[in-house]
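Okay, structure first, notes after.
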Amino acid sequence: MIPLPIRYQITGETYQTLEVTLNPGETIVAEAGTMVFMDDGITYETCLGDGSEPNMGIMGKMFPTELKPLPCETLFLTYFTNYGRGSRKITFSTPYVGSIHLIDLSAFNHEIVVQRNAFICGPKGLKLQPYTPTRMGITPKNETVPLEKISGEGEVYIAVCGLLIERELNNEAIHAEISSIVGFQSGISYSVEASGRLKTMVLGNTGSTLATLSGTGKVWMQSLPLKKMVQTITTCLQQLHMTEGKLLGKLYEE
């Protein structure tokens, strides 16, 4: 059964919110922690897995493929259902400063791959699975960005940190910093490799991890990845701390 289009309204500029209107009996699935508030009459339930295979046992949901467990962030999703007699509204927000965008799965062969924390909500029946990229060379595990494959019918909403950058590939390839990639159309080849010489990465800490995307299809990127924002804030705080330490040292000498 193809779900009906979700009635929604996106408000705000720098920090956007998504207001979804649910008809009586309608259900949407959302990433835990994205809901801001909801009308009376809407109930929610946190479930293990995405609900696309209700007969699968707990172990099957925790170890969906190759005995590799799902991360804790993707084990649980929240279902919101309108049990009221009339339409009810529920509001979601992005986990960081940025914008919200709609992607119609039917326009991309009913399947896309996105960053795990980019998914906000979508219709009931979506299937979410971990996506493992191809690794090239020495790539530290903590330098990769967790991805998940979303498949099914209907429209999904994703969060973008900064501005959205769209690129249509036509049997070509691009290289992008991995945290800048929000998602891409299924069918795009995606591999990860460390850039820069090993000496530079270890001693200078200036190396970055690049992803190569090749093939034909659409790629979504963001102008201000959360990782870069955190690194910038951390550097500023460290410099401020060093400056304060020098000032205190001079006062102590005087």
Could you check if a side-chain atom of [X] sits within less than 4.5 angstrom of a side-chain atom of [Y], using non-hydrogen atoms only?
X: Leu77; Y: Leu128; answer: yes
X: Leu210; Y: Val192; answer: no
X: Cys161; Y: Pro225; answer: no
X: Tyr96; Y: Asn117; answer: yes
X: Lys218; Y: Phe184; answer: no
X: Val20; Y: Ile28; answer: yes

Hydrophobic clustering (ILVMFWY, side-chain heavy atoms < 4.5 Å, transitive) - are Phe37 and Val29 grouped together?
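Unlinked, Val29 and Phe37 end up in two clusters.
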
Side-chain heavy atoms under 4.5 angstrom apart, residues restricted to Ile, Leu, Val, Met, Phe, Trp, Tyr: same cluster for Ile10 and Leu22?
yes

Thr94 versus Ala159, closest heavy-atom pair with distance
CG2-CB, 3.8 Å

Closest non-hydrogen atom pair, Tyr190 against Tyr131:
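Where Tyr190 meets Tyr131 most closely, the heavy atoms are CB-OH, 3.8 Å.
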
Please confirm whether the backbone N or O of Ile42 pairs with a side-chain atom of Asn82, one donor and one acceptor, at under 3.5 Å?
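Not at all, since once roles are kept as given, no pair shorter than 3.5 Å links the two residues.
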
Judged by modelled atom types alone, do Thr17 and Thr11 share a side-chain donor-acceptor pair under 3.5 Å?
yes

Does the separation of the ring centres of Tyr8 and Phe92 fall below 6.0 angstrom?
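For Tyr8 and Phe92, the ring centres are not under 6.0 Å apart.
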
According to the salt bridge (charged side-chain N to carboxylate O under 4.0 Å, His left out) rule, which pairs have a member within residues 77-88, sequence neighbours left out?
none

Salt bridge check: are Arg7 and Glu19 linked by an N-O gap of less than 4.0 Å?
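Judged by the 4.0 Å cut-off on N to carboxylate O distance, Arg7 and Glu19 do not form a salt bridge.
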
Could you tell me whether Arg116 and Glu148 make a salt bridge, using a distance below 4.0 angstrom between a side-chain N and a carboxylate O?
no

Tell me which donor-acceptor pairs under 3.5 Å the side chains of residues 97-115 have, and how far apart each pair is, sequence neighbours excluded?
{"residue": "Ser99", "atom": "OG", "partner": "His101", "partner atom": "NE2", "Å": "2.8"}
{"residue": "Asp104", "atom": "OD1", "partner": "Ser106", "partner atom": "N", "Å": "3.2"}
{"residue": "Asp104", "atom": "OD1", "partner": "Ser106", "partner atom": "OG", "Å": "2.8"}
{"residue": "Asp104", "atom": "OD2", "partner": "Ser106", "partner atom": "OG", "Å": "3.1"}
{"residue": "His110", "atom": "ND1", "partner": "Gly152", "partner atom": "O", "Å": "3.4"}
{"residue": "His110", "atom": "ND1", "partner": "Glu153", "partner atom": "OE1", "Å": "3.4"}
{"residue": "Glu111", "atom": "OE1", "partner": "Ser186", "partner atom": "OG", "Å": "2.6"}
{"residue": "Gln115", "atom": "NE2", "partner": "Ser179", "partner atom": "O", "Å": "3.2"}
{"residue": "Gln115", "atom": "NE2", "partner": "Ile181", "partner atom": "O", "Å": "2.7"}

